[in-house]
Amino acid sequence: QVQLVESGGGLVQAGGSLRLSCAASGRTFSSYAMGWFRQAPGKEREFVAATTRSGGNIYYADSLKGRFTISRDNAKNTVYLQMSSLKPEDTAVYYCAAARRLYGLGRDRDYDYWGQGTQVTVSS
């Protein structure tokens, strides 16, 4: 069992930056691949980024490459999402998730545990 708690969301102007954090409970954090997803009002949840257990492999949604960076610190049981050059269309609830599987991390059904989400609002 893994419990995930996101933080770092908020209101930011277009062009600004935010760093989201996701803290995981338990001593097996390094046993899970980690991902970030987001869901905007009226839209389906979509994949943002993922990292494998060691952080050796990282995946991004094509549309977000270059602006978002995922990283993890297994010593701190935390995964991060650095977001820069934010746009109003990045406004969404951002979720982190943990997956037991090694690969194929681009779909929400690949994940076993989810956080409660943190709101990111980008004003124009």
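In this chain, residues are counted from 1 in sequence order.
Here Ser84 contributes atom OG and Phe68 contributes atom CZ; the two are 7.5 Å apart, rounded to the nearest 0.5 Å. To the nearest 0.5 angstrom, Thr91 atom OG1 is 7.0 Å from Gln119 atom CD. A distance of 9.0 Å separates OG of Ser7 from CZ of Arg19, quoted to the nearest 0.5 Å. The OG atom of Ser71 lies 8.5 Å from the CG atom of Leu81; values are rounded to the nearest 0.5 Å. Here CD of Gln82 is found 12.0 Å from CD1 of Ile70. Values are rounded to the nearest 0.5 Å. Note that OH of Tyr80 and CH2 of Trp36 are 10.5 Å apart. Values are rounded to the nearest 0.5 Å.
Here the side chain of Ser25 pairs a donor or acceptor atom with the backbone of Gln3 at under 3.5 angstrom. No donor-acceptor pair under 3.5 Å is formed between the side chain of Arg45 and the backbone N or O of Tyr95. Here the side chain of Thr51 pairs no donor or acceptor atom with the backbone of Ile58 at under 3.5 angstrom. Without hydrogens or angle criteria, Tyr59 side chain to Thr52 main chain gives no donor-acceptor distance under 3.5 Å. Although no hydrogens or angles enter the test, the distance criterion places no donor-acceptor pair under 3.5 Å between the side chain of Ser85 and the main chain of Arg67. A donor-acceptor pair is defined here as one N or O able to donate and one able to accept, closer than 3.5 Å; no such pair exists between the side chain of Glu6 and the backbone of Leu20. Under a 3.5 Å cut-off, the side chain of Arg53 and the backbone N or O of Arg100 do form a donor-acceptor pair. Although no hydrogens or angles enter the test, the distance criterion places a donor-acceptor pair under 3.5 Å between the side chain of Tyr111 and the main chain of Leu105.
Side-chain atoms of Leu64 and Arg38, non-hydrogen and from C-beta on, do get closer than 4.5 Å to each other. Residues Met83 and Asp90 have side chains not in contact (no heavy-atom distance under 4.5 Å, counting atoms from C-beta outward). The shortest distance between side-chain heavy atoms of Phe29 and Val2 does not fall below 4.5 Å.
For the pair Ala40 and Ala92, the tightest heavy-atom approach, listed with the atom from each and the gap, is N-CB, 3.8 Å. Between Arg72 and Ser54 the shortest heavy-atom distance is CD-C, 4.3 Å. Taking all atoms of both residues into account, the shortest heavy-atom contact from Leu4 to Ala24 is CD2-CB, 3.6 Å.
Put simply, Val5 and Tyr113 are part of two different groups of oily side chains (I, L, V, M, F, W, Y) that touch within less than 4.5 Å, one to the next. Grouping the Ile, Leu, Val, Met, Phe, Trp and Tyr side chains by contacts below 4.5 angstrom, directly or via other members, places Leu86 apart from Phe37. Follow the hydrophobic side-chain contacts under 4.5 Å out from Tyr60 and you reach Val48 in the same cluster. A chain of hydrophobic side-chain contacts below 4.5 Å, direct or via other Ile, Leu, Val, Met, Phe, Trp or Tyr residues, connects Phe47 to Leu102.
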